[in-house]
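Worksheet: the structure to be examined is printed underneath.
Given the structure is predicted, the values throughout are model-derived calculations rather than measurements. Residue numbers run from 1 in the order of the sequence given.
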Amino acid sequence: MIRNFVSLISAISLLAIFLLPASADAVCDDPLGCIEIEPEDPIIVGAMLVVSGAINYLGEDTLGGIELALLARDYMLLNHEIELVVEDSLCTAEGGQVAAQRLAADPTILGAIGTNCSSAAQGAMPIISESGMVMIAPSNTSPSLTNEDIATGGSHLPGYFRTSQNGLIEGMRLAEFAVLALEAETLATVHDGDPYTEGLAGAVADTFADLDGAVVFEGAVNKGDTDMSSILTEIAVLQPDVIYVPLFEPESNFFAAQMMHIAGLEDTIIIAGAASFTSNFPENTGEAAVGIYVSGPLVSGEAYEELLAQWVEEYGSDPPSGYHAHAYDATNLLLNALEAVAVIQEDGAVSFGRQAIRDAIAATEDYPGLTGHLTCREDSPFAGDCSPGTALAVFEITEAEVYDDNWPPPVAWNFAVDSFD
């Protein structure tokens, strides 16, 4: 009798287990785990941006692109409000590490847009990858970030993607511009040890040499340097046709302004990198900025013009830098991936598999973004690269940018049109 009673209780208990709603953990078979959003809870997206410091305009530019992408969806996804959490990644590996730690500590955050700087990405990527999250960077270009081969300087880890161009492509095109458009025969490069500046300087030098140009100098300054006379004097002895200087402000301002006073460099042309593609650069550099070439994003089309009009309406001024469209595209790639993998419960709760999110972004093919048709690659040294690399140009700074607040400068070379292939 007792045995039968116990059997009956066991059967009822077992039946109750099957009748109970399955928890997120019970139904989740994603190898990296799942996140369940309760019916009334928001969908939380993170961002790791330069919020403070001398180049906070990069973060402001990116944040605007993210916010406009969210606004286009009325800050709603799958009938849940979207909440944006922003952490300051500065423009350093340490800043990226701290920002990533803060986002990874919140298990409800589904993914992050950022970082702005490649150095910050180096600090953030290991933490984001280990946590199972994704990050989509709108303005990282260091070749190492999508190179999986540690032996050749690669640092890519699963979960990292970017909508900005790979520095290998940008460097190749800039070297071709120097040789074929400027007819340069000799080149000097200067970086500051940052993965972004060093990666681009190396890519330009390698292609310039492949095109039978002579790389006569490869040197570096320190972040924070204000006196550039020593390295400029060293370069002047060699009198290169072109100096490639992908430095951030204010170092790029000091370099260009002081170069005017160095004998032997009167005819040398400066090509600056996208880190100096900001409306502040001509004003802060002064007269010396006239005639400088600077690489930067070039985005066009009706959809982009609508974005610019909306930007002015929302923020009352033009974008401060050039990667807002890349941030807009990055945000949409993440939100589209979330929509694709969401498992919606009858009560309105939604669950997302972390590996499924990564896989959905990696599967992006021919997405019609503002910056071109995006296809995310999986092959090193382009693992995680989604940009076609065509939304780029070389601009020439004129007196209108220095004295009349004109921006952007006129295009001197359009990578999408002026091809050497």
Side-chain angles (χ1 to χ4, degrees), residues 32-33 35 42-67 70 82-142 144-147 150 153-164 191-199 222-224 247-251 275 320-321 323-324 326-327 330-331 334 354 357-358 361 384:
L32 296 180
I35 312 100
I43 286 174
I44 305 177
V45 174
M48 300 178 288
L49 310 176
V50 180
V51 174
S52 60
I55 57 172
N56 65 340
Y57 58 83
L58 290 178
E60 179 186 341
D61 186 75
T62 297
L63 181 60
I66 296 170
E67 289 177 341
L70 298 179
I82 303 174
E83 179 181 321
L84 180 64
V85 175
V86 180
E87 296 291 348
D88 191 352
S89 59
L90 304 174
C91 191
T92 65
E94 295 78 12
Q97 183 179 36
V98 171
Q101 286 171 339
R102 289 175 176 169
L103 292 185
D106 185 345
T108 65
I109 293 179
L110 291 161
I113 306 301
T115 59
N116 290 119
C117 299
S118 295
S119 56
Q122 294 282 19
M125 184 168 26
I127 296 165
I128 294 297
S129 184
E130 179 66 24
S131 72
M133 292 174 63
V134 297
M135 60 184 288
I136 309 179
S139 55
N140 298 165
T141 65
S142 172
S144 67
L145 294 172
T146 54
N147 181 4
I150 297 176
S155 60
H156 180 264
L157 293 171
Y160 176 86
F161 301 88
R162 64 181 169 198
T163 54
S164 47
H191 63 83
D192 63 4
D194 186 279
Y196 160 76
T197 63
E198 188 171 6
N222 298 311
K223 289 187 178 183
L247 302 176
F248 290 91
E249 291 191 274
E251 290 83 3
S321 189
Y323 284 98
H324 45 276
H326 295 77
T331 305
L334 177 57
R354 289 203 179 276
I357 296 172
R358 289 182 177 182
I361 297 172

Any heavy-atom pair between the side chains of Val85 and Asp106 that's under 4.5 Å? no

Whether the side chain of Asn140 engages the backbone of Thr115 through a donor-acceptor N/O pair (distance < 3.5 Å, no angle test) should be reported. yes

Test log, rule side chain to side chain donor-acceptor pair (under 3.5 Å), inputs Asn147 and His156: CA-CA 5 Å; Asn147 181 4; His156 180 264; over 6 Å; no

Could you check whether any side-chain heavy atom of Leu145 comes within less than 4.5 Å of a side-chain heavy atom of Pro195, counting everything from C-beta outward? no

Ile136 CD1 to Thr331 OG1 distance, which is reported to the nearest 0.5 Å: 8.0 Å

Side-chain donor or acceptor of Ser89 paired with backbone N/O of Gly95 under 3.5 Å: no

Side chain Ser144, main chain Ser155, donor-acceptor under 3.5 Å: no

Would you say Met135 and Leu103 make side-chain contact, with heavy atoms under 4.5 Å? no

Nearest 0.5 Å, please: how far is CD1 in Ile35 from CD1 in Ile43? 10.5 Å

Could you walk me through whether Leu334 and Leu110 pass the side chain to side chain contact (heavy atoms under 4.5 Å, CB included) check? CA-CA 9 Å; Leu334 177 57; Leu110 291 161; 5.8 Å; no

Side-chain donor or acceptor of Asn116 paired with backbone N/O of Leu49 under 3.5 Å: no

Any donor-acceptor pair under 3.5 Å linking the side chain of Asp192 with the backbone of Leu247? no

Smallest heavy-atom separation, Ala99 atom then Met48 atom, equals CB-CG, 4.0 Å

If you compare all heavy atoms of Tyr57 against all heavy atoms of Glu249, which two are closest, and at what distance to 0.1 Å? OH-OE1, 3.7 Å

Between Thr197 and Phe248, is the side chain to side chain contact (heavy atoms under 4.5 Å, CB included) condition met? List the steps. CA-CA 8 Å; Thr197 63; Phe248 290 91; 4.2 Å; yes

Between Asp88 and Asn56, is any pair of side-chain heavy atoms under 4.5 Å apart? no

Roughly how far, to the nearest 0.5 Å, is the NE2 atom of His326 from the OG atom of Ser321? 10.5 Å

CG/Leu63 to CG/Leu58 distance, rounded to the nearest 0.5 angstrom? 12.5 Å

The reported gap from CD1 in Ile128 to CE in Met125 (rounded to nearest 0.5 angstrom) is 10.5 Å

Atom CD in Gln122, atom OG1 in Thr92: separation rounded to 0.5 Å? 12.0 Å

Test your reading of the model: is there a side-chain donor-acceptor pair from Thr62 to the backbone of Gly59, 3.5 Å cut-off? no

Do you know which two heavy atoms are closest between Ile109 and Val45, and how far apart they sit? CG2-C, 4.4 Å

Of all heavy-atom pairs between Arg358 and Met133, which one has the smallest distance, and what is that distance? NH2-O, 2.9 Å

With the side chain counted from C-beta on, respond yes when Cys117 and Ile55 share a heavy-atom pair under 4.5 Å apart, and no when they do not. yes

Closest non-hydrogen atom pair between Ser129 and Pro158, with its separation: OG-O, 2.7 Å

To check you understand the geometry: which heavy-atom pair defines the closest contact between Ala137 and Tyr160, and what is its length? CB-OH, 3.7 Å

Tyr196 side chain vs Ala275 backbone, donor-acceptor pair below 3.5 Å: yes

